[in-house]
Every structure is written in C-alpha cells, then in structure tokens.
Amino acid sequence: MLALEVEGLRKRYGDLVAVDDISFGVASGELFGILGPNGAGKTTTLEMIEGLRRPDAGRITILGLDALRRRRRVQERIGVQLQAQALWPDLTVSETLRLFAALYRRRIPLPTLLERFALADKAGALVKHLSGGQKQRLAVATALVNDPDIVFLDEPTTGLDPQARLSFWELITQMRTEGKTVILTTHYMDEAEALCERVAIMDHGHIIALDSPREMVRSLQFENTIEAQLEGEVQMEALADLPAVRRVRRGDGTYFLHTNDVAASLAGLMQLAGRDGFAVQGLQVRTATLEDVFISLTGRRLRD
Amino acid sequence: MRGFVRLVVAQATLLRRNVSYWIPTLGLAIIVMMVFGWLFQVGTQAFSLGIVDEDRSEASSALVQAFDGLENVETKEGSRSHELNALDDGDRAAVVIIPKGFQAALAEGRSTLDVRYDASNPVRTSYASATVEAVVDGFNTRLAGESGPVIIQRQDVGTHRVEYIDFLTPGQAGLTLLWGALLGGAVFITGWREMGILRRLGVTPLRPAVLIASQGASLALLSFVQVAIIFLVGRLAFGVTIHGSYLLLAATLLLGIVCMLALGYIIGSFLHTLTSASAVANLLAFPMMFLGGSWFPSDSAPAFLQPVIRAIPLTHLNEALRAIVNQGDGLGDIWWNWLVLAAWGAAGYVISLRVFRWQ
C-alpha cells in the first residue's frame with residue numbers, strides 16, 4: 001500500500017513556479033528522501049503535503065485519504081518536524097511535549113518519549129537552556145507525540161555537529177524499524193545515501209531523478225570523479241579524450257572528469273597540461289556519489 | 001477541549017515567565033495610582049466654602065443651613081466683597097452667592113444661584129462643585145415636595161461621593177486591560193508567527209479558532225490578576241470602594257478584554273513582524289489612552305473630538321467600570337457601553353479569523 005501518493009502537484013508564487021507538476025509515491029514503511037539544492041522546491045512540496053500550503057493543482061493522497069479535503073484527519077496521523085526550530089524558549093521540555101500531545105487524540109506516554117529521545121534528565125529544563133542537539137531531538141519528539149504513521153522531517157540535521165548528526169541518524173533508522181514511513185528532505189548527499197531507500201532529486205521545481213541511491217550511482221557508469229581546478233586554455237574535447245574518462249563537465253573553474261580508472265586519467269591530465277600549457281591548481285579524487293548524479297544531471301553542484 | 005486547556009495553561013505559564021511583559025504594565029498602573037492618588041488628595045482634605053446670603057429670606061436661610069455640617073467642608077458666611085476677596089486669595093474653594101430675590105423667584109418656579117470657583121486648583125474645584133451640586137440637589141428634592149419645581153439643575157452628582165482616586169482606579173483598570181490585551185493580542189500572535197511556532201501548530205489538527213480563544217483566555221486570566229491587584233491597591237491605600245456587583249464588574253472586564261484582544265488580533269493579522277505590530281499597537285493605544293478618559297475626564301475635550309471619543313472602546317469600558325464601581329449601577333445603566341464593546345469585539349474576531357494565516 002502507498003502511504004503517500006502525489007499526482008501533478010503544482011505551486012507558483014507570482015512568476016516563480018516553485019513546484020512544477022511533480023508526481024511520486026512512497027510505500028508504507030519506506031524511508032524516502034527528497035534531495036536538492038536550496039530553492040529546488042523541497043520545502044514547498046512538503047508544506048503542501050503537510051497541509052500548510054494549498055497547491056494550485058494536483059492531488060495528494062495520504063494513508064488513503066484525500067489530504068486536501070480531509071486535512072485534519074490526515075494531520076491527526078502524521079508527524080512533522082519543521083525546518084525552523086519552532087519551540088517556545090520559555091516552556092520546559094515536558095511542558096512542550098504535553099502541549100503537543102494535547103492536540104492529538106492518539107498519544108504516546110510522556111516518560112516513553114523522554115526516554116527515547118534521551119531527554120529524561122532534561123524534562124524540567126527550559127527549552128532556551130538546551131543545546132542544539134537537544135533542541136533538535138525535542139523538535140522530533142514533538143513530531144512523534146501522536147505516534148504518527150508517517151513522519152516528515154525537513155532538513156533535520158542542518159546545523160548539527162557531526163556527532164549529533166550521527167545519533168540523529170540512529171533515531172531515524174529506529175523510526176523505520178518501528179514500521180513508520182519516513183519522508184525527509186536534505187541537501188546532504190551522504191545523508192540521503194546513508195539513510196534513504198529511495199531518493200527523489202529535485203531541481204527548479206522538478207523531480208529530475210527518482211530511484212534508490214545505489215541504482216542512481218550505478219547508472220552513472222563510472223566509479224570515480226576527478227575534480228580539477230584548471231587555469232589557462234582548456235579544450236573540453238581533449239579532456240574527454242583522456243584515457244578512461246567517460247564524461248566531462250565544467251563548473252565554475254572546476255572540471256569534473258568522470259572516470260573508471262583514476263591513475264590512467266590523472267596521468268593523461270598531467271600530460272595534457274604540459275602539452276596545452278594550462279595549470280592544474282587543485283585536484284580532488286573521490287568515489288562517485290549522489291553528488292555526481294546531480295552534477296551529471298544539471299552540471300551544477302548541489303551546494304552551490 | 002483538551003488542547004484548549006493545555007494551550008491556556010501553557011500560555012499562562014509563558015506569560016508568567018515573561019516578566020518583562022506583565023511587571024511594567026502592572027508596575028505602571030500602581031505607580032500612576034500612587035502618584036495621582038497622593039498628588040490629588042486635596043479633595044479629601046477640608047476646604048472652605050464661602051456663602052453670601054443677599055436674600056435673607058426663609059428659603060435662603062434653609063439653603064444656607066443645608067451646607068452646614070458637611071464632612072470636610074468648612075462653611076463661612078460673609079459679605080459678597082469679603083468672600084470674593086477670600087476666593088481670590090485662595091482661602092475659599094468656592095463661593096455660593098444667594099442673590100436678592102431668590103425666594104421670590106423660587107416662588108415663580110425658577111431661581112438661580114451664583115457659584116464662583118477657584119479655578120487655580122481643578123481638583124479641589126471639582127470636589128467643591130460636586131459638593132455644591134449635591135447640596136443643591138438635596139435642597140431641591142426636599143423643596144419639590146412643598147413648592148414643586150426644582151430650581152437649579154446642573155448635572156447629576158453620583159449617589160456616592162466620587163473623589164479623584166475613585167475616578168482613577170476603574171480608569172486605570174481599563175487602561176491596564178487596553179495595554180495588556182491589545183498589545184498582547186497584537187504581539188503574541190506575530191511573535192509566534194515570526195518564531196515559526198504558528199507554522200508548527202499549523203501542521204497539527206489544531207483549529208485557528210481554538211488557538212485564538214485559548215490565547216484570549218490566558219490573557220484574560222493575567223488581566224484579571226492585574227486588575228484585582230489594582231483594585232486591591234485602590235482599596236488598601238486609598239479606601240476605594242466597589243459599590244456595584246462583583247459579578248457585573250467581572251463580566252464587564254471580560255468583555256473589555258475580549259474587545260481589546262480582538263483589536264490586537266486585527267493588528268496582528270495584518271502586520272507580520274513583531275516590531276511593526278507592536279509599533280502600530282502603540283500607535284493605537286496611546287491616543288486611546290488619553291482620549292478614552294482613563295486618567296482625566298474626556299467630557300471637556302473639544303466638540304470635534306467627541307465623535308472619536310464616543311467611538312473608542314476604552315471610553316465605554318471606563319464608563320461602564322466607573323458606573324459599576326463608583327455608582328453601583330446595574331446592567332440597565334451600562335447596556336449601551338456593553339453593546340459598543342461587544343460590537344468592536346465581534347468585528348475584530350470576524351476580521352482576524354478571516355485573514356488568519358499559519359505562516
């Protein structure tokens with residue numbers, strides 16, 4: 001059964017088409033990611049699904065219910081963590097959780113929540129005195145007070161330190177093992193790759209790719225990417241003809257050489273630099289990731 | 001319902017912890033009462049009243065007698081020139097001149113008294129004029145039984161003697177509601193919107209009407225506490241008595257809160273940043289504060305301002321509060337004030353619910 005089904009969703013703000021006719025489905029129990037640069041339309045898409053914005057066109061079906069018509073029924077069964085940390089600084093942790101719990105018919109007992117999000121010893125602390133990671137955990141806890149069937153997380157790890165991020169990933173995986181459907185947006189490649197079973201890549205309001213991260217990388221047909229900062233006269237054709245290079249893309253002063261044999265391609269690049277007289281200012285070699293999927297689809301990096 | 005109760009509790013907690021919000025409003029109210037109360041306490045001190053009887057008739061001496069034995073009033077009888085000189089020197093708060101032919105005119109149904117006040121001390125003057133009118137009123141009432149027509153009719157003096165602090169205390173209560181609820185309504189909703197909390201609540205099954213009602217209820221709770229403290233200070237420090245029904249007073253206060261809150265919500269619905277909303281709320285509250293007659297009566301304001309004054313909800317709130325507190329009036333006397341407040345409140349909620357946005 002599909003937990004979420006979106007068909008022909010569209011939203012425009014004045015002249016800007018924020019979300020342009022997107023359709024996708026998320027299976028029950030799936031961990032689904034929406035990946036894309038800032039302004040790609042990820043948040044607008046989520047907001048329409050969550051009932052915060054009305055789409056200009058399209059249909060949203062959540063747990064078999066028409067989400068646009070039965071908004072409150074749907075909101076009863078979903079949990080949402082928003083991008084901004086929207087919490088009252090002057091309420092305590094348990095006051096906050098009790099307040100959110102009171103808004104729903106179905107509730108998880110407070111001690112269980114506190115325990116699970118490692119907030120038990122902070123139950124009486126004011127929100128403004130919590131650390132960034134604790135606040136983030138509380139924000140997600142508020143999204144789970146009603147034991148939702150679907151959880152929406154909007155850029156949940158943005159601004160967290162690496163350790164907090166890792167423990168957060170554990171929380172998300174745990175939701176997944178409980179059988180909840182989790183839908184998250186992120187602009188972190190590694191996050192999408194590590195967590196999500198399937199990923200939709202969004203750019204300029206469109207879904208430009210939708211598959212499992214592994215399949216996406218495999219479809220690239222190369223294993224590594226050489227990122228080279230080159231200065232001087234550089235012939236794109238010459239780069240493309242280098243040994244083992246499958247594809248060349250050019251960003252802002254950076255050239256992306258997608259290759260199956262790093263050593264051969266690098267040696268060729270150095271030779272070419274000597275022959276054509278351009279300078280190699282910087283080099284970086286890495287295994288192909290979702291970032292390369294994005295680059296190969298758009299010619300841009302995700303974080304630009 | 002559960003959500004409503006939790007929201008009220010949470011917001012009351014937030015308000016209580018937000019000391020910088022409620023301490024200044026309450027502190028200001030108490031300081032104003034202390035300062036004005038003591039500053040204008042003249043009214044409670046004895047003052048002298050000069051009486052000039054130029055008629056020397058039965059009627060005139062009956063009137064002179066009526067001034068005798070008043071609490072805090074020292075009556076002096078003398079010639080016109082002597083008493084007017086004393087008035088000039090500030091030794092009399094007022095001089096009542098009973099002109100020649102007073103009794104004769106009275107017999108014909110109309111007679112006049114010449115009352116001169118010392119204009120240099122408005123508070124003492126208002127007290128003196130209230131006293132003179134009360135005495136003349138009483139004189140008229142007694143007379144009405146015998147010789148019929150009432151002679152001098154100036155304005156109604158309350159059944160209870162009203163001193164400035166009695167006038168001020170309900171006015172200050174009204175003003176505190178204005179600041180608390182108007183500013184609260186405008187600022188909290190925009191503050192929550194700015195912090196993204198409204199958005200967060202927008203993805204829950206919570207209805208906007210429940211949110212708005214719960215905010216109203218918690219602000220009402222706070223305002224009740226503040227007003228109770230104000231009346232308590234009035235009572236303990238200055239002996240201000242509430243003559244009317246406490247229930248009616250509470251109901252009027254609640255109506256006032258609902259109305260002011262609604263005005264705040266209109267501001268909050270149209271202005272989406274905290275600073276602009278609080279600026280506009282202040283912009284509205286300040287003229288209301290002065291025109292609404294909280295500290296000084298607004299009856300004497302120029303005629304072109306009167307329509308504005310009559311339209312201001314604070315005017316009606318103050319009038320209703322004073323009628324209950326000072327005169328012991330019932331709903332029959334203040335229904336019009338209630339109606340105006342209710343109309344403002346209803347308009348405010350209709351508008352703010354129509355333009356309400358979670359983000």
Side-chain angles (χ1 to χ4, degrees), chain A residues 43-44 46-54 62 67 70-92 94-107 110 126-129 135 138-140 142-146 148 150-154, chain B residues 1-24 184 187-219 221-222 272-274 353-359:
Chain A
T43 298
T44 303
L46 272 201
E47 283 177 346
M48 288 189 284
I49 296 170
E50 294 155 358
L52 273 178
R53 284 184 199 281
R54 263 204 104 71
I62 296 177
R70 331 238 3 216
R71 192 177 129 161
R72 264 170 247 290
R73 272 283 296 279
V74 166
Q75 284 174 333
E76 190 71 51
R77 295 179 63 187
I78 64 172
V80 178
Q81 186 247 330
L82 294 174
Q83 210 165 332
Q85 291 189 351
L87 300 167
W88 294 271
D90 285 324
L91 285 188
T92 67
S94 52
E95 281 165 351
T96 305
L97 289 174
R98 245 184 260 133
L99 174 57
F100 275 102
L103 305 178
Y104 297 94
R105 286 199 201 99
R106 193 160 73 175
R107 291 183 279 274
L110 180 64
L126 292 181
V127 169
K128 63 181 171 195
H129 295 147
K135 268 186 207 161
L138 177 60
V140 180
T142 66
L144 292 182
V145 286
N146 59 331
I150 309 183
V151 184
F152 295 92
L153 306 168
D154 198 1
Chain B
M1 196 56 207
R2 201 191 143 98
F4 174 79
V5 172
R6 261 299 153 212
L7 274 166
V8 173
V9 171
Q11 287 172 99
T13 310
L14 284 171
L15 283 171
R16 187 167 49 76
R17 292 193 184 138
N18 190 353
V19 174
S20 64
Y21 163 74
W22 62 272
I23 288 283
V187 165
F188 288 132
I189 206 104
T190 30
W192 284 24
R193 191 179 282 117
E194 236 175 33
M195 286 159 75
I197 287 175
L198 277 193
R199 243 166 67 90
R200 178 64 187 86
L201 292 173
V203 296
T204 70
L206 176 68
R207 288 164 199 279
V210 174
L211 173 71
I212 286 184
S214 73
Q215 239 175 13
S218 45
L219 276 168
L221 274 177
L222 176 87
H272 292 269
T273 67
L274 199 56
L353 270 178
R354 268 184 177 247
V355 297
F356 184 85
R357 295 281 176 279
W358 288 109
Q359 53 183 354

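Throughout, protein chains are lettered first and strands after them, A, B, ... in sequence-line order, and every chain is numbered starting at 1.
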Handout entry: Engaged part of F100(A) at the chain B interface, taking heavy atoms whose separation is under 4.5 Å
Key = side chain

Problem - Region of T96(A) that comes under 4.5 Å of a non-hydrogen atom in chain B - result: neither

Exercise for the section: Could you tell me whether a side-chain N or O of R2(B) sits under 3.5 Å from a main-chain N or O of Y104(A), the two making a donor and an acceptor? Expected result: no

Handout entry: Within 6.0 Å of CZ in R207(B), more than 12 heavy atoms from elsewhere
Key = no

Practice task
Examine distances only and state if a side-chain atom of Q75(A) and a backbone atom of G202(B) form a donor-acceptor pair shorter than 3.5 Å.
Solution key: yes

Handout entry: Side-chain touch P205(B)/R105(A), heavy atoms, less than 4.5 angstrom
Key = no

Completion exercise
Rounded to the nearest 0.5 Å, the CG atom of L87(A) sits from the CZ atom of R200(B) at a distance of 8.0 Å

Practice task
With sequence neighbours excluded, tell me which residues meet side-chain contact (heavy atoms from CB on, under 4.5 Å) with E95(A).
Solution key: L91(A), T92(A), T13(B), R17(B)

Practice task
Give, as side chain, backbone, both or neither, the part of R73(A) having an atom under 4.5 angstrom from any heavy atom of chain B.
Solution key: neither

Handout entry: CG on L201(B) to CG on L99(A), rounded to 0.5 Å
Key = 7.0 Å

Completion exercise
Highest number of heavy-atom pairs under 4.5 Å with chain A among L14(B), V5(B), V9(B) belongs to L14(B)

Handout entry: Atom pair CG (N146(A)) and OG1 (T204(B)), whose distance is rounded to the nearest 0.5 Å
Key = 9.5 Å

Handout entry: Under 3.5 Å donor-acceptor, R199(B) side chain and A86(A) backbone
Key = no

